[in-house]
Visitor: 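First, the structure itself, so that you have it in front of you.
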Amino acid sequence: DAHHLYVSPDAISATLAERTRIWLSALAGDQEIELRASSADTAARSLGEAEPQLEKLVRSGYRTVVAFPRRGEGERAAYNLGRLKATWLGEDVDAGHQVLEPSLRFAAASLREGFVAPQLKLAVFPEHRLLRRRRAERPGRGAPGGPARRGALRSFTELRTGDIVVHEDHGVARFAGFDTRTVAGVTRDYLYLEYQGDDRVFVPTDQLAKISRYVGAGAERAGGPPLSKLGGTRWETMKARARRAAQELAGELLSLYAERRRRSGHAYGPDSDWQRDFEERFPFTETPDQREAIELVKADMEAPRPMDRLICGDVGYGKTEVALRAAFKAAAEGKQVLMLVPTTILAQQHYGTFAERLADYPFTLEHASRFRTAAEQKVAIKGFAEGRVDILIGTHRVLSRDVRAKDLGLLIVDEEQRFGVKQKELLRQLKLKVDVISMSATPIPRTLQMSLAGLRDISVIETPPEGRRPIKTYVGEYEEELVKRAIEREHERDGQAFFLHNRIESIEQTAERLRALCPGVRFAVAHGQMGEGELESVMMDYLRGGADVLVCTSIIESGIDIPQANTLIVEHADSFGLAQLYQIRGRVGRSRERAYAYLLYDSAAALTPEAAQRLSALSDYTELGAGFKVAMRDL
């Protein structure tokens, strides 16, 4: 595309983007100039490979500038470049004259796109375009650049005796353990697989890539799916049938995507200076996955077709910041944003986060939930309908027929797994016209299956925030002494705890029992049937440290962020669903402190097989970023 750049003397700014415009304007003599599209997208994947590319540009007479978001990253790159000498922009340049010489320069600035201008011998690259993040090197990602195979195993340590697995040559088997054998004079470890009848196969551990976990229907039922019989053609016939079904699904997907391509939505422009300024104010360092999710969301918004993207990120992994940046981009172009959340407390929390981050920008925020009076909700909804409210955050209340937007551009659905089919049907009409972001730590099977099949775009945020530690999870029978020790240990390190008792009629008696058990510890009670003002008051008091333990129902399940709470005790844990338990466990462990979760049940004898499997899944998946695996287990 041709870019027409005009700069007046009083427009000089310290940012690299502005400097680039000033150089171009000065060098081109205020003429219109053409910028050829950057070849940075195909640049090297690592610094070692990028060095010859940069050297070639400098040797060809280009003034080459690489922009790093932070100076420290540039300093490390300069150290690693070796023979190429890079100087920092502005440090050895007298009034901008020497910038005309071929050279390699670094700058501390946030740029999203780069360019190469052959007429001016000028090349500007953001570092993430030149030095591609090496995501493919992460374990468990499958082929370089490709997504992980469904059910793929990272290592044999993920297998437990009795697991159902699939060998790509022999079919469905039961993993029976490991065996060390000497074959042809070579001693090595083998995976011992049981098939139908008395058939057995010993698979060398170096052939682990041929084995994947069984994720089909029937994996969780007693006895599992029928095992394959060795020999014969049955397994090959099944694979051929699956291949045909996949081809039919591909045909449906092609027609679906053709329909989506035909529909046109609002195509947003590239990032403004405002957007860059807003993003630079983020008080934390983005993780690589988070940065990639943000870039993909922006690219979707800039495309003419409506976006429908699922952000699957673990609890506390920064999904809200992805939504915030998308909301900012939409609001900055005059479009309205509607954010739907499942609980009143979460609506209040998101409103606080958005209000704090957007305080310096001229956007109007409102929220509609049970914490507000009917009159306040009416004012918020009327303002949204008239276009005076830019961002509206609310619970199911915003799905009512009286909620209408003047010019809706973006719909954000947080904790998507909490909304039912009817509620999603109400959203479907909107989805055809506006951009949609759905966020979840543990997407429900239907949503996950649609994403894996390609009906929806999916971004998985797997990288934990710096300093985050896994939650130590204990699953066992309820014991008063255990509960007392857990509460008192948290109290001694000046932290807070959650005690989850999911029966409102007996929650007050439970709180009294705990007060008697732990004298000197301050307890508070919170549940969904409390009055609006009372519940808000209790939660705010707990957040400020007014109580040591919050005795509550599952109202705390979604998204509540209390970093100083690092012990969770769940009574009757066997009565919760798998994704629900995972979400509840995510209320702790949101800081650098070691967090503890106790999932307790009345007695092992009364435990159903399904409940036992759910609890064992939670004890299996304790590592950081396991939400996606839990959702796959659910699927």
Side-chain angles (χ1 to χ4, degrees), residues 315-316 345 349 468-528 530 534-535 537-576 580-604 607 611 614-615 618-619 622:
V315 283
I345 294 173
Q349 184 172 296
R468 184 65 60 86
R469 301 165 75 185
I471 301 166
K472 287 193 87 103
T473 304
Y474 171 84
V475 177
E477 293 188 13
Y478 185 92
E479 291 175 24
E480 295 260 280
E481 191 56 37
L482 175 73
V483 171
K484 182 179 180 179
R485 281 203 311 270
I487 291 173
E488 287 181 346
R489 182 181 55 204
E490 189 61 54
H491 183 56
E492 281 165 13
R493 63 174 184 173
D494 296 324
Q496 291 175 288
F498 291 111
F499 186 97
L500 199 149
H501 176 89
N502 209 26
R503 297 196 178 110
I504 292 173
E505 61 273 13
S506 56
I507 196 166
E508 290 291 350
Q509 293 95 301
T510 301
E512 283 303 320
R513 191 178 81 234
L514 290 170
R515 285 188 186 104
L517 188 67
C518 305
V521 177
R522 296 167 301 166
F523 289 85
V525 175
H527 58 78
M530 294 170 88
E534 189 186 359
L535 179 58
S537 168
V538 168
M539 292 306 298
M540 293 310 293
D541 184 56
Y542 181 68
L543 188 59
R544 286 190 289 260
D548 301 311
V549 181
L550 185 69
V551 183
C552 55
T553 59
S554 58
I555 192 169
I556 63 156
E557 178 187 335
S558 296
I560 294 174
D561 188 12
I562 302 177
Q564 62 271 28
N566 283 302
T567 291
L568 167 75
I569 301 163
V570 181
E571 207 177 16
H572 306 298
D574 52 316
S575 63
F576 293 93
Q580 193 179 18
L581 267 178
Y582 188 80
Q583 285 284 350
I584 290 166
R585 187 175 67 179
R587 296 314 106 217
V588 295
R590 300 172 81 94
S591 67
R592 291 169 184 265
E593 291 289 332
R594 167 69 79 188
Y596 298 89
Y598 297 85
L599 309 179
L600 309 176
Y601 48 85
D602 287 342
S603 75
L607 211 58
R614 286 197 299 271
L615 292 171
L618 264 293
S619 60
T622 56

Visitor: Is there a donor-acceptor contact under 3.5 Å from the side chain of Q496 to the main chain of A547?
Guide: yes
Visitor: Does the side chain of I569 come within less than 4.5 Å of Y596's, by heavy atoms?
Guide: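 Heavy-atom side-chain distance check fails, nothing below 4.5 Å.
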Visitor: Return a table of donor-acceptor pairs under 3.5 angstrom between the side chains of residues 478-488 and protein atoms on other chains or two or more places apart.
Guide:
from: Y478; atom 1: OH; to: E480; atom 2: OE2; distance (Å): 3.3
from: Y478; atom 1: OH; to: R513; atom 2: NH2; distance (Å): 3.1

Visitor: Could you grab the distance from atom CD1 of I471 to atom CG of N566, nearest 0.5 Å is fine?
Guide: 8.5 Å
Visitor: Taking NZ, NE, NH1 and NH2 as the nitrogens, is one of them in R515 or E512 under 4.0 Å from a carboxylate oxygen of the other?
Guide: yes
Visitor: With sequence neighbours left out, what residues match E508 under side chain to side chain contact (heavy atoms under 4.5 Å, CB included)?
Guide: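 Counting only residues at least two positions away or on another chain, E508 forms a side chain to side chain contact (heavy atoms under 4.5 Å, CB included) with V525.
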Visitor: Measure across G520 and H491 and return the closest heavy-atom pair with its distance rounded to 0.1 Å.
Guide: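 Answer, listing the atom of G520 first, then H491: O-NE2, 3.8 Å.
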Visitor: Test of understanding: with salt bridge (charged side-chain N to carboxylate O under 4.0 Å, His left out), list the residues that count as partners of R503, not counting sequence neighbours.
Guide: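 Not a single residue meets the salt bridge (charged side-chain N to carboxylate O under 4.0 Å, His left out) criterion with R503.
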Visitor: Taking all non-hydrogen atoms of both residues into account, name the closest pair between T553 and G528 and its distance.
Guide: OG1-N, 4.1 Å
Visitor: Report the C-alpha distance between R587 and L500 in whole Å, list the side-chain angles of each, state the deciding distance to 0.1 Å, and finish with yes or no for side chain to side chain contact (heavy atoms under 4.5 Å, CB included).
Guide: CA-CA 11 Å; R587 296 314 106 217; L500 199 149; over 6 Å; no
Visitor: Which pair of heavy atoms, one from I584 and one from S554, lies closest together, and at what distance?
Guide: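 In this case the closest contact between I584 and S554 is CD1-CB, 4.5 Å.
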Visitor: To check you understand the geometry: which heavy-atom pair defines the closest contact between A597 and R585, and what is its length?
Guide: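 Taking every non-hydrogen atom into account, CB-CG, 3.8 Å.
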Visitor: Could you measure the distance from the CZ atom of F576 to the CG atom of L615? Nearest 0.5 Å is fine.
Guide: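 Result: 11.0 Å between the selected atoms.
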Visitor: Enumerate the residue pairs fulfilling side chain to side chain donor-acceptor pair (under 3.5 Å) with a member in residues 537-551, sequence neighbours excluded, ordered by first and then second residue.
Guide: R522-D548
Visitor: Under the side chain to side chain contact (heavy atoms under 4.5 Å, CB included) test, which residues partner A497, sequence neighbours left out?
Guide: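 Side chain to side chain contact (heavy atoms under 4.5 Å, CB included) check on A497 returns E490, V549, T567.
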Visitor: Please collect all ring pair (Phe, Tyr, Trp, His ring centres under 6.0 Å) contacts where either partner lies in residues 502-527, sequence neighbours excluded, each pair once.
Guide: none
Visitor: Return the set of residues passing side chain to side chain donor-acceptor pair (under 3.5 Å) with S575 (not counting sequence neighbours), or none when no residue passes.
Guide: none
Visitor: Drop me the distance from L568's CG to T473's OG1, to the nearest 0.5 angstrom.
Guide: 9.0 Å
Visitor: Could I get the full list of side chain to side chain donor-acceptor pair (under 3.5 Å) partners for R594, not counting sequence neighbours?
Guide: none
Visitor: As an exercise, state the distance from OH of Y598 to CD of E571, rounded to the nearest 0.5 Å.
Guide: 15.5 Å
Visitor: Looking at residues at least two apart in the chain, or sitting in another chain, which of them share a side chain to side chain donor-acceptor pair (under 3.5 Å) with E477?
Guide: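 With sequence neighbours excluded, E477 shows a side chain to side chain donor-acceptor pair (under 3.5 Å) to no residue whatsoever.
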Visitor: Would F498 and V570 count as a side chain to side chain contact (heavy atoms under 4.5 Å, CB included) here? Give the steps.
Guide: CA-CA 8 Å; F498 291 111; V570 181; over 6 Å; no
Visitor: Considering only heavy atoms from C-beta outward, does the side chain of L514 approach that of V521 to under 4.5 Å?
Guide: no
Visitor: How would you list, by chain and number, every residue that makes a side chain to side chain donor-acceptor pair (under 3.5 Å) with D574, sequence neighbours excluded?
Guide: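 If we apply the side chain to side chain donor-acceptor pair (under 3.5 Å) test to D574, skipping adjacent residues, there are no hits.
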Visitor: So, do Q564 and D494 sit near enough that their side-chain heavy atoms are less than 4.5 Å apart?
Guide: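 A side-chain contact under 4.5 Å is absent here.
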